[in-house]
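Residue numbers count from 1 along this sequence.
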Amino acid sequence: MRTVIFDLDGTLADTSGDLIAAANACFRDMGQHGLLDPARDRLTAFRGGRAMLRLGLERRGLPWSEADVDAAYPRLLEAYEADIDRHTRLYPGALAAVEGLATAGYRVGICTNKPAALAELLLDRLGVRDRFASMIGADTLPVRKPDPAPYLAAVERAGGAVASSLLVGDTETDRETARAAGVPCILVAFGPEGPGLARLDPEALLGHYDDLGRVVAGLIG
């Protein structure tokens, strides 16, 4: 069955505000305030919690190491879980696009590098978990994107076939995952990097979710 697998952060939902708030909670514990900016640092937020911690520690101007990142990471997850949907919103048209795919006979699922429990919590809070036939998180399998295994598992658990599937994402990680799995990749051009994602040579760039059904049909029928 034809299947569309979505990334979550930066693809279905703008989670950057809540992610940055969680990182800043870690820095407040260190005696620093506002090291990350919700507008300026959105792209870093979509690269993951450790990327945000590294950026903030650099701006702090004191010596730091990966051990400091590892030590702060559990606190970031704790702060994020406690306030996971204060600022997060689905991108315009995302829900209608997902529902449109399902109505047209596609299976839909999620493959994210967010820890699975946090992804499940966020999807429940946003009221959309039941729209997706599968959900694979960073820790569902022993490996994570860009290894193709999580993507393949998301397709399988959605009841689809890899040969007639594609990945919708927003980062180089998603592009490399799709390439490793041998499937087309659609990258959304309304995130922080915008049309600059064309440098990754995806099969398509998506300017708005209103166009998703047409683009998907052109790639996998």
Side-chain angles (χ1 to χ4, degrees), residues 3-29 36 38 41-42 44-56 66-91 94-95 98 102 107-160 167-171 173-174 176-177 181 188 191:
T3 306
V4 179
I5 301 297
F6 293 85
D7 175 55
L8 178 52
D9 297 68
T11 298
L12 284 170
D14 185 350
T15 56
S16 60
D18 291 318
L19 289 167
I20 288 172
N24 279 334
C26 297
F27 301 131
R28 283 196 300 274
D29 292 348
L36 300 186
D41 298 320
R42 290 178 66 222
T44 301
F46 293 140
R47 289 174 175 157
R50 286 185 167 83
M52 292 188 296
L53 291 172
R54 292 185 189 105
L55 178 58
E66 284 300 309
D68 297 309
V69 174
D70 291 340
Y73 189 65
R75 168 63 177 135
L76 183 150
L77 295 180
E78 176 186 85
Y80 183 57
E81 181 177 5
D83 215 6
I84 198 169
D85 62 338
R86 179 178 296 273
H87 304 292
T88 293
R89 299 291 183 273
L90 293 171
Y91 283 111
L95 180 56
V98 169
R107 304 292 284 174
V108 291
I110 290 175
C111 182
T112 174
N113 275 350
K114 184 190 288 296
L118 292 176
E120 293 281 6
L121 176 62
L122 179 58
L123 291 167
D124 283 340
R125 293 280 183 87
L126 294 174
V128 298
R129 178 61 184 91
D130 62 345
R131 281 13 183 244
F132 299 94
S134 64
M135 208 301 296
I136 302 295
D139 48 358
T140 304
L141 301 179
V143 294
R144 58 193 290 178
K145 296 184 298 183
D147 190 290
Y151 174 83
L152 301 177
V155 173
E156 179 182 358
R157 295 187 190 186
L167 175 61
V168 182
D170 71 304
T171 64
T173 296
D174 295 312
E176 292 305 315
T177 301
V188 300

Inset, instruction - Output, in order, the C-alpha distance, side-chain angles, deciding distance and verdict of side-chain contact (heavy atoms from CB on, under 4.5 Å) for Cys111 and Thr177. - result: CA-CA 10 Å; Cys111 182; Thr177 301; 5.6 Å; no
Inset, instruction - I would like to know whether Asn24 and Ile20 meet side-chain contact (heavy atoms from CB on, under 4.5 Å); could you show each step before the answer? - result: CA-CA 6 Å; Asn24 279 334; Ile20 288 172; 3.7 Å; yes
Inset, instruction - Check step by step if side-chain contact (heavy atoms from CB on, under 4.5 Å) holds for Tyr151 and Lys145. - result: CA-CA 8 Å; Tyr151 174 83; Lys145 296 184 298 183; 5.7 Å; no
Inset, instruction - Evaluate side-chain contact (heavy atoms from CB on, under 4.5 Å) for Thr112 paired with Phe6, printing each intermediate quantity in order. - result: CA-CA 8 Å; Thr112 174; Phe6 293 85; over 6 Å; no
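For Ile5 against Ser134, the heavy-atom pair with the smallest separation is CD1-OG, 4.3 Å. Taking each heavy atom of Phe27 and Gly56 in turn, the nearest pair found is CZ-CA, 3.4 Å. The two residues Leu141 and Ala153 come nearest to each other via the heavy atoms CD1-CB, 4.0 Å. Across all their heavy atoms, Val143 and Ala149 have their closest contact at CG2-CB, 3.8 Å. The two residues Ala79 and Ala25 make their nearest non-hydrogen contact at CB-CB, 3.9 Å. Taking all atoms of both residues into account, the shortest heavy-atom contact from Val128 to Leu95 is CG1-CD1, 3.9 Å.
Every residue two or more places apart in sequence or in another chain was checked for a side chain to side chain contact (heavy atoms under 4.5 Å, CB included) with Arg89, and none qualifies. For Asp147, there are no side chain to side chain donor-acceptor pair (under 3.5 Å) partners, not counting sequence neighbours. Every side chain to side chain contact (heavy atoms under 4.5 Å, CB included) that Ala116 has, sequence neighbours left out, goes to Met135, Asp139, Thr140. Under the rule for a side chain to side chain donor-acceptor pair (under 3.5 Å), Thr44 has no partner lying at least two apart in sequence or in another chain. Every residue two or more places apart in sequence or in another chain was checked for a side chain to side chain donor-acceptor pair (under 3.5 Å) with Arg47, and none qualifies.
Note: Asp7 CG to Ile110 CD1 = 9.0 Å, rounded to the nearest 0.5 Å. Atom OG1 of residue Thr3 and atom CZ of residue Arg157 lie 14.5 Å apart, to the nearest 0.5 angstrom. Considering CZ of Arg125 and CG of Asp18, their distance stands at 10.0 Å, rounded to 0.5 Å. The structure places CD1 of Ile84 at 8.0 Å from CG of Leu19, a figure rounded to the nearest 0.5 Å. Taking CD of Glu66 as the reference point, atom CG of Leu53 lies at 9.5 Å (rounded to 0.5 Å). Here the CG atom belonging to Leu36 is positioned 5.5 Å from the CG atom belonging to Leu55, to the nearest 0.5 angstrom.
In this structure, Asp170 contributes its side chain and Val188 its backbone to no donor-acceptor pair below 3.5 Å. Although no hydrogens or angles enter the test, the distance criterion places no donor-acceptor pair under 3.5 Å between the side chain of Arg42 and the main chain of Ser16. Checked by atom type and distance alone, the side chain of Asp9 never pairs as donor or acceptor with a backbone atom of Thr15 at under 3.5 Å. Panel note: side chain Arg107, backbone Gly159; no donor-acceptor pair is recorded below 3.5 Å.
Asp174 and Thr171 form a side-chain donor-acceptor contact under 3.5 Å, judged by distance and modelled atom types alone.
The shortest side-chain heavy-atom distance between Phe132 and Leu8 does not fall under the 4.5 Å cut-off. No side-chain heavy atom of Phe46 sits less than 4.5 Å from a side-chain heavy atom of Thr173.
The neighbour count for Glu81 CD, taken as heavy atoms of other residues, nucleotides or ligands under 6.0 Å away, does not exceed 12. Environment of CD in Glu156: sparse, with no more than 12 heavy atoms of neighbouring residues, nucleotides or ligands closer than 6.0 Å.
Applying the salt bridge (Lys or Arg N to Asp or Glu O under 4.0 Å) test to pairs two or more places apart or on separate chains, those with a residue in residues 71-80 are Asp29-Arg75, Arg75-Glu78.
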